[in-house]
Amino acid sequence: MFNKRTEVAKVLNDGQPGEEMIVMGWVRTFRNNQFIALNDGSTNINLQVVAPLGKFEDALLRRLNTGTAIRATGKVVASPGKGQRVELVADQIDILGDSDAEKYPLQPKKHSLEFLREIAHLRFRTNTFASVFRVRSIVAYAIHKFFVDKGFVYLHAPIITASDAEGAGETFHVTNFDLANVPKDEHGKVDFKEDFFGRSANLTVSGQLEAELAATALGNVYTFGPTFRAENSNTARHLAEFWMIEPEMAFYDLEDNMDLAEAFIKYIIRYALTHCPDDMAFLANRLAEEEKQKPQQERSEMGLVEKLQFVIDNNFERITYTEAIDILKNSNHNKKKKFQYPVNEWGIDLQSEHERYLVEKHFKKPVILYNYPKEIKAFYMRQNEDGRTVAAMDILAPGIGEIVGGSQREERLDQLQSRMKEMGISEEELFWYLDIRRFGTVPHAGFGLGFERMVQFITGMTNIRDVIPFPRYPKNVEF
RNA sequence: UCCUCCUUAGCUCAGUUGGUUAGAGCAUCUGACUGUUAAUCAGGGGGUCGUUGGUUCAAGUCCAACAGGAGGAGCCA
């Protein structure tokens, strides 16, 4: 019975006058006592279901509130009204689920994103979030398609790990201790020998190290899974639980790595544009409306779809860290002391304002920065000949900041060991990581891409909490 | 975690130098109208002014702490 329904998107696209159909969905508005705007999540465009005057009981019509779930059976007709090609004239309307108009929080009007975040269980029913999550789904699919088509192996890195040696941020502990009664050893410290895993465990902050193990046997692999950081970050681009894609490729150097990352980003953007044209148009329009509220100089020059097309059509700018420092140091912005953190010497870590200047003011397109000072990067990155930089690369996107971070990995055992010693990282704990260099080591490289940041970039949503169904961040695990 | 700003009706917001009974639009309810596109028109209901404490004859308005939110920063993806 239920599987005989036709999706609204299909009715709107293919429905021919005279066809009998069953549609099901939720009432968005009920106008003029006869026009139901019906939405079933297949598209943001509503199907107009017509309840001819006098055909239905008043008691039924009064229940057609915003949010009510209905089934309508009827005939497709060419619409005499403006705004839609076809509509459905109902022979029968059944209420599947009532919605009390006085209590239902969503109204046929604009709501703020902040308000909708507080009712995240209902926000899927708005056009904006329906579009965002359809696009998110397509982007996830495009990611798998890109790698699988290239022969990459999809690797499931563990969610629970024991290694916290990587230093990629604060971890969430995993334990089954009774927290009111934690076992202690003779020194009064927590006795993890008593814990489930017999040692301290935590949620993964990255699948990279495990991906390297697989890459040095399978060739090219990628991970795509949830990642957890217990950082107290309160920003529009951080989450405590987010999804990350981490490809890792044997026999790749830094340049190969940059080529792949750039092709990858362009591929998934193109995929979203070609497979979600209606949603992208809706999101572009939404963003344009939002920008109208801003002062002129803060508005972006391009619309969302234009901006994405521009990214696809142009090469990313590739410059070394050293060149970036020169550009920043000699910029009028720096000379006029407009940076909160002035740029005067080689070796500083770039601040958000510096990255934004390079991407949004100077180059006005995505920028790949590479060959960073080794002091500001992780232990596993390959040391360059100059003795002071490592083969790292970050991709910076306009409006989002760092979207990709990657590097060629240090495959030489001696260099890796000396770097670990300098940074105080235990060789014992990471014996398995070093074993890869002991037996048949090869040059290899990889990168990490923040999935939500990518979805933000594609959908134009400015807050990362609005591109994941149920965002987790400090003081928030509702729903 | 730090800095700045915000919190008034279901939602979005006004509310003057502290001074009677706190307003508007939308939503909701009632009625009218009926080919409407967030329908339109008329009328009604709806508020512990984020919480706690303080100053004052008097606090939505001033002060403090706390909570939540926004923007920026740090950490990063």
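Residue numbering restarts at 1 for every chain, and letters A, B, ... go by the order of the sequence lines.
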Between the protein and nucleotides 29-33 of chain B, which nitrogen or oxygen pairs come in under 3.5 angstrom?
residue : atom : partner : partner atom : Å
rU30(B) : OP1  : R62(A)  : NH2          : 3.0

**Pairing partner (Watson-Crick or G-U wobble, both distances under 3.5 angstrom) of rU61(B)** = none
**Item:** Short side-chain N/O contact to rG72(B) OP1/OP2 from S352(A), under 4.0 Å
**Value:** no
**Prompt:** For the base of rC76(B), is there a side-chain donor-acceptor partner from S233(A) under 3.5 Å away?
**Reply:** no
**Presence of donor-acceptor pair under 3.5 Å, side chain of Q107(A) and base of rU28(B)** = no
**Asked** Checking R85(A) side chain against G15(A) main chain: does a donor-acceptor pair fall under 3.5 Å?
**Response** yes
**Prompt:** Is R123(A) salt-bridged to D466(A), cutoff N-O under 4.0 Å?
**Reply:** yes
**Prompt:** For I400(A) and rC76(B), what is the distance between atoms CD1 and C1' respectively, to the nearest whole Å?
**Reply:** 14 Å
**Prompt:** In whole Å, what is the span from the OH atom of Y473(A) to the C1' atom of rC76(B)?
**Reply:** 19 Å
Shorter than 3.5 Å, N or O on both sides, protein versus nucleotides 12-14 of chain B: list them out with atom names.
residue : atom : partner : partner atom : Å
rU12(B) : OP1  : S112(A) : OG           : 2.8

**Prompt:** Roughly how many Å is it from CD in E87(A) to C1' in rU37(B), rounded to a whole number?
**Reply:** 11 Å
**Asked** Across all strands, who's sitting opposite rG45(B) as a Watson-Crick or G-U wobble pair, both distances under 3.5 Å?
**Response** none
**Message:** Could you tell me the Watson-Crick or G-U partner of rC26(B), where both distances fall under 3.5 Å? Say none if there is no partner.
**Reply:** rG10(B)
**Message:** Has E353(A) got a side-chain atom pairing as donor or acceptor with Q340(A)'s backbone, closer than 3.5 angstrom?
**Reply:** yes
**Request:** Would you please indicate yes or no on a ring centroid separation below 6.0 angstrom for H238(A) and Y473(A)?
**Result:** no
**Item:** Proximal nucleotide (of rC75(B), rG69(B), rG71(B)) relative to the N463(A) side chain
**Value:** rG71(B)
**Message:** Regarding L106(A), tell me which of base, sugar-phosphate or nothing describes its non-hydrogen contacts under 4.0 Å with the strands shown.
**Reply:** nothing
**Request:** Choose from rA27(B), rA73(B), rG71(B) the nucleotide whose nearest atom is closest to any side-chain atom of A236(A).
**Result:** rG71(B)
**Fill in**
Applying the 3.5 Å cut-off to both distances, the Watson-Crick or G-U partner of rC66(B) turns out to be rG50(B)
**Asked** Any donor-acceptor pair under 3.5 Å between the side chain of N46(A) and the base of rU37(B)?
**Response** no
**Request:** Would you check if the side chain of H111(A) reaches a backbone N or O of Q107(A) as a donor-acceptor pair within less than 3.5 Å?
**Result:** yes
**Message:** Please classify the nucleic acid contact of P80(A) as base, sugar-phosphate, or nothing, using heavy-atom distances under 4.0 Å.
**Reply:** base
**Request:** Select from K82(A) and Q351(A) the residue whose nearest nucleotide in RNA chain B is closer to the 5' end of that strand.
**Result:** K82(A)
**Message:** Does either side chain, that of S131(A) or that of D279(A), offer a donor lying less than 3.5 Å from an acceptor on the other one?
**Reply:** yes
**Request:** Give the ring-plane orientation class for F147(A) versus Y222(A), where under 30° counts as parallel, over 60° as perpendicular and anything between as tilted.
**Result:** parallel
**Asked** In whole angstrom, what separates I36(A)'s CD1 from rU36(B)'s P?
**Response** 17 Å
**Prompt:** Q48(A) near the nucleic acid: base, sugar-phosphate alone, or nothing, with a heavy-atom cut-off under 4.0 Å?
**Reply:** base
**Request:** Under a 3.5 Å limit for both distances, which nucleotide forms a Watson-Crick or G-U wobble pair with rA38(B), could you say?
**Result:** none
**Complete:** To the nearest angstrom, the CG-C1' distance between D394(A) and rC76(B) comes to 10 Å
**Item:** Side-chain donor-acceptor contact under 3.5 Å, T73(A) with D91(A)
**Value:** no
**Request:** Assess the side chains of H444(A) and Q408(A): does a donor N or O sit below 3.5 Å from an acceptor N or O?
**Result:** no
**Message:** Please report the distance, rounded to the nearest Å, between NE2 in H354(A) and P in rA73(B).
**Reply:** 11 Å
**Request:** State whether the side chain of N65(A) and the backbone N or O of T68(A) hold a donor-acceptor pair below 3.5 Å, judged by distance alone.
**Result:** no
**Asked** In whole angstroms, how far is the P atom of rA39(B) from the CZ atom of F35(A)?
**Response** 12 Å
**Asked** Between rU4(B) atom P and N234(A) atom CG, what is the distance in whole Å?
**Response** 16 Å
**Asked** Taking atom types as modelled, is there a side-chain donor on Y380(A) or Q208(A) under 3.5 Å from an acceptor on the other?
**Response** yes
**Complete:** Answer for the Watson-Crick or wobble partner of rU1(B), both distances under 3.5 Å, is rA73(B)
